[in-house]
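Beneath this line is the structure, given in structure tokens, with notes to follow.
Just so it is clear: chains get the letters A, B, ... in the order the sequence lines come, proteins before strands, and each one is counted from 1.
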Amino acid sequence: MEYIESGRITLDRSKISQKVAYHDPCNYGRKSKEMFGYAYYHEPRWILNKCTPNWVDLEPSRNSQYCCGGGGGLMLTTLDDQREYYSRRKIEQIKHSGASLIVVPCHSCHGQIKAMAQKYNLPDIQVKYLWEVVADSLVVE
Amino acid sequence: MTENASSLIKHTALMRPDGHAADFCLGCGTCAAGCPMTGIDGFDPRKIVRMAMLGRDEQLAASSLPWLCTLCGRCENACPMGINIVGLIRSARGLTEKDKTPTAIRKGLEMLLETGNILGLPEEDFGFIITDVAEELNEQPGFEDFTVPLEKKDARLLCTLHNKLVNIQNEDLIHWWKIFHLADESWTLPARNWEGVNWGLFSGEDQVLKVAVDNIVQNMERLDARHLMYPE
């Protein structure tokens, strides 16, 4: 935010053409609120909005956001069937948004949503990090 | 009525700042309704709270229940009594016998203690990967003179990395590098103990959690960095 506000980097809002949806990781929201008393819901959306005007929220979002299904070390266990079944709601939520690019600022969510889009036969769904979207929108002089 | 046994899980679970112990559970089931894992392999957060409340630590730690959870906190967010359900689950994980914790987590933690990163990647190989990816970025217009400031002293920002980025997702290293380069940021990457993922958090082992945090604190002090950046 500091880089964008102060003009240290410039972003081009027209580089991303597809419809984008934003996913809240538990660590930015519920966990952060519990541990530090503040949930980062506004900041990532503010940054995403500087990259593209064509973005939506998943429903439900923020405090009630559905978990990606890969956190807490579950991706490291052998409980793959359970993890896949768990994600059915997340995938439904993504389908419902109509977006083809899901933006996440978390490595676990990134890995899980990407893997589940494959499992549930949604090969056209792209998953990117928030900073990746920023890097893709950079104006390079 | 039988008396409840004392529960180590209940007492070692960190209290939420505004939270209460498991005993406050009303049994309302709001947590279970809000949890996406409820019903899968008999999972139910209310069951976990109840077991801790009754002091059934052994039974809980020996079951697969603590490991089915993603620690996402939806249950706690909904709980009208503010019970620290995620904390209970993490504490229960910490009581799981070593040979029964998931193999990948066990091995990663051993590597972390031994080498400072979960992959067990030697310092030399780490340096090679970083240089290699930086050279690839040099081929992109505008980034010809980019270099990674490894081990730079007095930087404003010290970065830690998710181990994925030096393992299967090398190509994702460059996003932050591009932003730093154009913003003319003063930053550094430590050559060792760069691991930003703390699996001690997942495994419930406070000792390992502390070692991973100490590694980062030592890097901050050694390089005199002012701010710290975590991968997520």
Side-chain angles (χ1 to χ4, degrees), chain A residues 2-4 6-10 25-37 39 63-79 81-83 85-90 104-112 128-136 138-141, chain B residues 14 16-19 34-37 40-41 43 64 67-74 76-78 84 86-87 89-90 93 101-108 140-143 162-165 168-169 172 174-185 196-197 199 201-203 230-232:
Chain A
E2 184 192 319
Y3 295 159
I4 302 169
S6 64
R8 282 170 73 181
I9 57 171
T10 315
C26 61
N27 285 336
Y28 274 51
R30 290 184 290 264
K31 296 287 187 57
S32 179
K33 181 121 194 235
E34 175 180 344
M35 296 296 176
F36 310 112
N63 248 1
S64 306
Q65 182 70 255
Y66 288 142
C67 162
C68 70
L74 192 63
M75 259 200 280
L76 307 164
T77 67
T78 49
L79 302 162
D81 292 343
Q82 291 87 339
R83 186 160 59 88
Y85 184 64
Y86 179 108
S87 286
R88 71 199 184 284
R89 283 196 201 169
K90 187 79 221 169
V104 297
C106 166
H107 286 88
S108 286
C109 301
H110 183 273
Q112 166 76 355
K128 286 191 177 184
Y129 297 107
L130 180 60
W131 47 91
E132 182 175 2
V133 172
V134 173
D136 288 351
L138 285 169
V139 176
V140 185
E141 278 156 14
Chain B
L14 279 174
R16 298 177 67 179
D18 58 348
C35 168
M37 190 56 90
I40 302 177
D41 279 9
F43 188 86
S64 64
W67 298 97
L68 275 161
C69 171
T70 68
L71 311 179
C72 85
R74 238 172 161 261
E76 285 189 352
N77 183 54
N84 52 341
V86 173
I89 294 175
R90 186 177 171 268
R93 286 185 181 190
T101 55
T103 316
I105 294 183
R106 175 79 10 240
K107 287 202 171 137
Q140 291 192 28
F143 301 96
H162 191 295
N163 54 73
K164 265 205 248 186
L165 300 187
I168 49 170
Q169 281 179 220
D172 286 322
I174 62 166
H175 313 310
W176 270 118
W177 293 358
K178 283 171 132 176
I179 298 169
F180 289 155
H181 187 67
L182 292 184
D184 202 18
E185 183 59 272
V197 183
W199 284 4
L201 185 68
F202 303 153
S203 73
Y230 268 100
E232 53 198 17

Excluding sequence neighbours, so at least two apart, what forms side chain to side chain contact (heavy atoms under 4.5 Å, CB included) with Arg8(A)?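 Partners of Arg8(A) under the side chain to side chain contact (heavy atoms under 4.5 Å, CB included) test: Glu2(A), Tyr3(A), Ser6(A), Arg156(B), Ala183(B), Glu185(B).
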
Output, in order, the C-alpha distance, side-chain angles, deciding distance and verdict of side-chain contact (heavy atoms from CB on, under 4.5 Å) for Val140(A) and Phe143(B). CA-CA 9 Å; Val140(A) 185; Phe143(B) 301 96; 4.1 Å; yes

Non-hydrogen atoms of chain A under 4.5 Å away: do they reach the side chain of [X], the backbone, both or neither?
X         : answer
Asp184(B) : backbone
Ile174(B) : neither
Leu68(B)  : both

Which atoms form the tightest heavy-atom contact between [X] and [Y], and what is the distance?
X         : Y         : value
Cys72(B)  : Tyr86(A)  : SG-OH, 4.1 Å
Ala135(A) : Ile179(B) : N-CD1, 4.2 Å
Leu182(B) : Val139(A) : CD1-O, 3.9 Å

Would you mind telling me which of Lys90(A), Glu132(A), Glu141(A) has the largest number of heavy-atom pairs within less than 4.5 Å of chain B? Glu132(A)

I'd like to know which of Arg83(A), Arg89(A), Lys31(A) tops the heavy-atom pair count under 4.5 Å against chain B.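 Heavy-atom pair counts peak at Lys31(A).
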
Keeping the roles fixed (side chain from Asn63(A), backbone from Asn77(B)), state whether a donor-acceptor pair exists under 3.5 Å.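 Pair absent, no side-chain N/O of Asn63(A) close to backbone of Asn77(B).
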
Less than 4.5 Å apart, any side-chain heavy atom of Lys128(A) and any of His175(B)?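 Not in contact.
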
Using side-chain heavy atoms (C-beta onward) and a distance below 4.5 Å, is His107(A) in contact with Val197(B)? no

Flag the one option from [options] with the top tally of heavy-atom pairs under 4.5 Å to chain A.
options                         : answer
Met37(B), Arg93(B), Gln140(B)   : Met37(B)
Cys35(B), Gly73(B), Gly34(B)    : Gly73(B)
His181(B), Gln169(B), Lys178(B) : Gln169(B)
Asp172(B), Thr103(B), Val86(B)  : Asp172(B)

Point-to-point distance, once rounded to the nearest 0.5 Å, from [atom1] of [X] to [atom2] of [Y]:
X         : Y         : atom1 : atom2 : result
Tyr129(A) : Trp176(B) : OH    : CH2   : 13.0 Å
Leu79(A)  : Ile40(B)  : CG    : CD1   : 10.5 Å
Leu76(A)  : Trp67(B)  : CG    : CH2   : 9.5 Å

Identify which part of [X] has an atom lying under 4.5 Å from any heavy atom of chain B, answering side chain, backbone, both or neither.
X         : answer
Val133(A) : neither
Thr77(A)  : both
Ser64(A)  : both

With sequence neighbours left out, write down each residue that passes salt bridge (Lys or Arg N to Asp or Glu O under 4.0 Å) with Arg30(A), or none if nothing qualifies.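 With sequence neighbours excluded, Arg30(A) shows a salt bridge (Lys or Arg N to Asp or Glu O under 4.0 Å) to no residue whatsoever.
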
Where do Gln112(A) and Thr70(B) land on the side-chain contact (heavy atoms from CB on, under 4.5 Å) test, with the steps shown first? CA-CA 11 Å; Gln112(A) 166 76 355; Thr70(B) 68; over 6 Å; no

